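Contents: one structure, followed by commentary.
Note that the structure is a prediction, hence the values are computed from the model and not measured. Throughout, protein chains are lettered first and strands after them, A, B, ... in sequence-line order, and every chain is numbered starting at 1.
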Amino acid sequence: MTSKFRTKKVEVSYGDKKAIRDISLDIEKNIITALIGPSGCGKSTFLRCLNRMNDVIENCSIKGSIHLDEQDIYGPDIDPVELRARVGMVFQKANPFPKSIFDNIAYGPRIHGLASNDSELKDIVHNSLEKAGLMDEVKDRLNDQATGLSGGQQQRICIARAIAVSPEVILMDEPCSALDPIATAKIEELMNELCQSYTIIIVTHSMQQAARVSKKTAFFHLGDLIEYNDTDKIFTQPENQKTQDYITGRFG
Amino acid sequence: MTLPLSFVFFVLLGLSVYFYYHAKSGIVRKAALLSDRTKALPSHYGQQSFLWAFIPSFLILLVLTIGGPNYIDQIFYNKIQELNPTFNESFVSLILAKVINVSNGKISTGEENIIMLAKDYKIAFEQLHFFRGLVVILCAALLGMIISYRQKPGSNAREQVEKFIVNIFFASAVIAIFTTVAIILSLFFEALRFFNLYNFFDFIFGLHWAPNVAIRTDQVAAEGSFGMIPVLLGTLLISFIAMCVAIPIGLFSAIYLAEFATPKIRDFVKPTLEILAGIPTVVYGYFAALTAAPFFREIGFSLGLDVSSESAIAAGAVMGIMIIPFISSLSDDVIRAVPQSLRDGSMGLGATKAETIYIVILPAAIPGLVGAVLLAVSRAIGETMIVVMAAGLSANLTVNPLESVTTVTVQIVSLLTGDTEFDDIKTLSAFGLGLALFFFTLLLNIFALSISRRLAERYD
């Protein structure tokens with residue numbers, strides 16, 4: 001097993017308030033890792049550290065180290081913009097740009113200069129839509145507004161948009177929380193296919209979802225990493241009492 | 001006994017307030033007697049009583065105050081005419097005016113008839129005032145009592161109060177539209193009078209603007225020429241220069257404020273920019289005439305250019321500075337209204353801040369940005385003071401910013417100030433210009449809105 005991410009004693013504070021403390025965990029390559037825990041436990045904060053999205057937030061400070069493929073992503077020679085091209089992100093609320101479906105997918109390749117001509121760009125867009133399982137649904141209306149699609153389709157547009165940049169890792173912050181069960185099932189199916197070529201880290205409120213899709217699960221509580229193990233282990237024989245309480249629905 | 005307007009009004013207000021409290025406490029008592037709950041809040045019954053006591057009586061007061069004097073004047077006009085059937089209309093009006101002035105004590109006269117009429121006139125007015133006060137106060141008291149008597153704990157006072165409030169909103173909207181229509185109509189009819197005297201096509205296509213016509217028949221002057229093109233071109237030129245100054249500076253400072261500035265800097269810069277909007281335009285006028293114009297003149301000289309001392313560029317540049325805060329402040333709000341999720345989405349794909357701004361945020365903000373610019377353009381087109389002071393009055397047909405030009409608004413001012421007669425072609429041409437300006441800004445608005453609709457990227 002090779003690690004994609006290796007974090008050591010990561011601590012994030014917003015102003016005086018510590019959001020997460022002492023998080024050390026290794027995230028394996030090409031599997032789905034789920035981060036679970038009650039609201040406010042710091043799982044989203046941790047996720048946003050992995051592609052430095054916290055940089056945007058004012059008075060947010062980060063201690064400890066995070067390595068991506070043995071490279072310190074908070075090191076001085078790392079450009080967060082390049083990092084985010086390697087570590088893509090899908091958000092809780094589907095946020096397609098108010099542009100056409102084609103332009104949404106082509107956005108990343110265009111800004112990173114991934115296509116040298118129009119036909120290459122077209123190929124990238126088609127491939128990404130294909131991988132996101134959207135091609136059949138939208139192939140006749142690539143020039144329509146992406147914001148006119150259904151919620152589940154919009155979220156898959158966002159996934160396709162992330163794939164189009166060919167990232168190594170895709171971070172997903174509660175990608176299904178606003179979707180109905182059918183759309184959720186489609187996205188989970190998609191994640192299963194994608195994890196063969198990408199490392200996926202998903203934050204979710206749904207323990208069933210974590211159990212269904214992920215291979216490893218990390219349980220966060222009040223800013224601490226309580227337990228990190230194989231998903232099967234976490235959900236059948238948790239070592240920590242708090243994990244036990246959470247997965248059996250006693251709190252959270 | 002006289003009942004002056006202010007007295008009547010305050011009695012009316014006092015009565016209405018009294019009925020508010022009367023109804024409010026009354027309904028609670030009634031409910032307690034019936035051991036029932038009131039359907040609406042007690043204050044709703046109070047408001048209902050207030051409205052019933054106040055609004056109809058206030059309307060009566062309004063009608064009597066506005067219509068009453070006219071009615072009395074009409075009666076006296078008829079009376080004077082009956083006494084002297086040989087007088088013509090304007091002479092009767094003259095006598096009536098005299099009677100009114102004598103009754104006010106503004107002038108004195110020895111004419112017996114006039115003094116008699118003036119006395120009657122004064123008595124009639126006192127009677128009107130007394131009648132007005134009596135009717136209004138009685139009406140308020142009566143309606144207040146009726147409504148307070150009729151209110152039951154089960155009656156729905158809230159519904160009526162809320163319906164009334166909706167009607168107030170509606171009436172306000174109607175008043176706004178009505179006054180706009182009235183302004184346009186008055187402009188239109190005055191302009192029609194001008195076009196009766198001067199050919200319409202000569203006006204809108206004429207290349208020569210020289211409004212100096214002979215005022216009296218014995219004066220010697222050139223025949224006036226009213227071609228609006230030079231004046232309109234002056235407006236366009238100055239507005240264009242102003243936009244060239246204001247749009248980049250305003251937009252860029254808005255982008256800086258919305259996307260890059262820390263809250264501390266923002267809290268300092270935004271109010272400072274908005275101070276610019278508070279400077280009276282006449283002060284900008286000084287600045288343009290005394291500082292900017294000589295400055296451009298000197299720069300022009302050092303480059304070997306001949307800059308007129310009253311130049312379009314000085315007026316335009318200062319006007320541009322004047323409208324910067326409109327653009328920057330509004331654009332800042334518009335840019336900040338673009339949802340954070342779009343910024344996150346773009347950043348999460350590895351876009352830089354600059355790419356995010358010009359590919360995602362600005363297109364999403366276009367409708368609002370166009371609105372901001374549009375507001376600024378209309379300010380520029382309507383601006384008068386700066387141009388009067390810095391750009392001059394001579395209607396040159398030119399697009400050279402170094403020469404002096406004049407604008408539509410400046411010409412309107414110069415045509416309408418001083419001793420003027422409102423049946424003179426020179427004076428009436430101001431209304432022609434006004435109408436042209438109105439249509440021009442209207443077209444501009446339609447054009448800009450259609451552009452913004454085409455470019456808009458709607459987010460929800």
Side-chain angles (χ1 to χ4, degrees), chain A residues 47-48 50-59 79-100 103-114 145-148 151 154-155 157-167 169-173 178, chain B residues 255-270 331-372 449-460:
Chain A
L47 191 76
R48 290 170 69 96
L50 299 178
N51 69 345
R52 295 186 60 171
M53 281 298 280
N54 283 330
D55 289 17
V56 190
I57 299 168
E58 270 155 45
N59 69 43
D79 180 358
V81 169
E82 280 169 28
L83 172 72
R84 290 183 202 126
R86 290 174 63 191
V87 183
M89 190 156 190
V90 175
F91 296 84
Q92 180 172 6
K93 191 174 161 257
N95 55 354
F97 303 128
K99 299 175 184 293
S100 72
D103 285 343
N104 260 278
I105 313 296
Y107 181 80
R110 273 183 183 140
I111 58 176
H112 295 297
L114 299 183
Q145 284 280 305
T147 42
Q154 286 190 18
Q155 193 60 293
I157 286 280
C158 293
I159 294 173
R161 191 172 70 180
I163 296 170
V165 193
S166 341
V169 183
I170 301 174
L171 309 176
M172 296 187 173
D173 190 356
Chain B
I255 292 173
Y256 172 74
L257 281 177
E259 297 291 329
F260 294 101
T262 60
K264 241 184 204 164
I265 295 178
R266 203 183 125 79
D267 285 350
F268 171 73
V269 174
K270 204 173 179 193
S331 307
D332 172 53
D333 293 341
V334 168
I335 292 171
R336 284 163 63 87
V338 175
Q340 182 63 31
S341 65
L342 291 184
R343 292 185 182 85
D344 285 347
S346 173
M347 304 287 269
L349 290 170
T352 64
K353 203 143 192 185
E355 286 161 344
T356 304
I357 290 169
Y358 66 70
I359 309 182
V360 176
I361 296 179
L362 290 186
I366 279 267
L369 296 180
V370 170
L449 283 179
S450 74
I451 283 197
S452 115
R453 205 164 293 151
R454 194 130 38 86
L455 294 179
E457 295 189 344
R458 296 208 167 276
Y459 54 85
D460 39 22

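B:Q340 contributes atom CD, which lies 10.5 Å from atom CG of A:N95 (distance to the nearest 0.5 angstrom).
Of all non-hydrogen atoms in B:S341 and A:K93, the two that sit nearest each other are OG-NZ, 4.5 Å. The shortest heavy-atom contact between B:M347 and A:R84 is O-CD, 2.9 Å. The two atoms that bring B:P363 and A:K99 nearest to each other are CG-NZ, 4.0 Å, heavy atoms only. A pairwise comparison of heavy atoms in B:L342 and A:F97 identifies O-CE2, 3.5 Å as the closest pair.
Contact tally against chain B (heavy-atom pairs below 4.5 Å) for A:R161, A:E82, A:R52: the top residue is A:R161.
When the heavy atoms of residues 103-114 of chain A are compared with those of chain B, the residues falling under 4.5 Å are A:Y107, A:I111, A:H112, listed by number.
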Derivation of the side chain to side chain contact (heavy atoms under 4.5 Å, CB included) call for A:Q92 and B:D344: CA-CA 11 Å; A:Q92 180 172 6; B:D344 285 347; over 6 Å; no
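Heavy-atom distances place no part of A:P80 under 4.5 Å from chain B, backbone and side chain included. Contacts of A:V87 with chain B are made by backbone atoms alone, with heavy-atom separations under 4.5 Å and no side-chain atom involved.
Partners of B:D333 by side-chain hydrogen bond (donor to acceptor under 3.5 Å, both in side chains), not counting sequence neighbours, listed by chain and number: B:K270. Under the side-chain hydrogen bond (donor to acceptor under 3.5 Å, both in side chains) criterion, B:R266 pairs with B:D332, not counting sequence neighbours. Take A:R86 and apply the side-chain hydrogen bond (donor to acceptor under 3.5 Å, both in side chains) test, not counting sequence neighbours, and it matches A:Q71, A:E168.
By the 6.0 Å contact criterion, CZ on B:F260 is enclosed, its count of non-hydrogen atoms from other residues, nucleotides or ligands being greater than 12.
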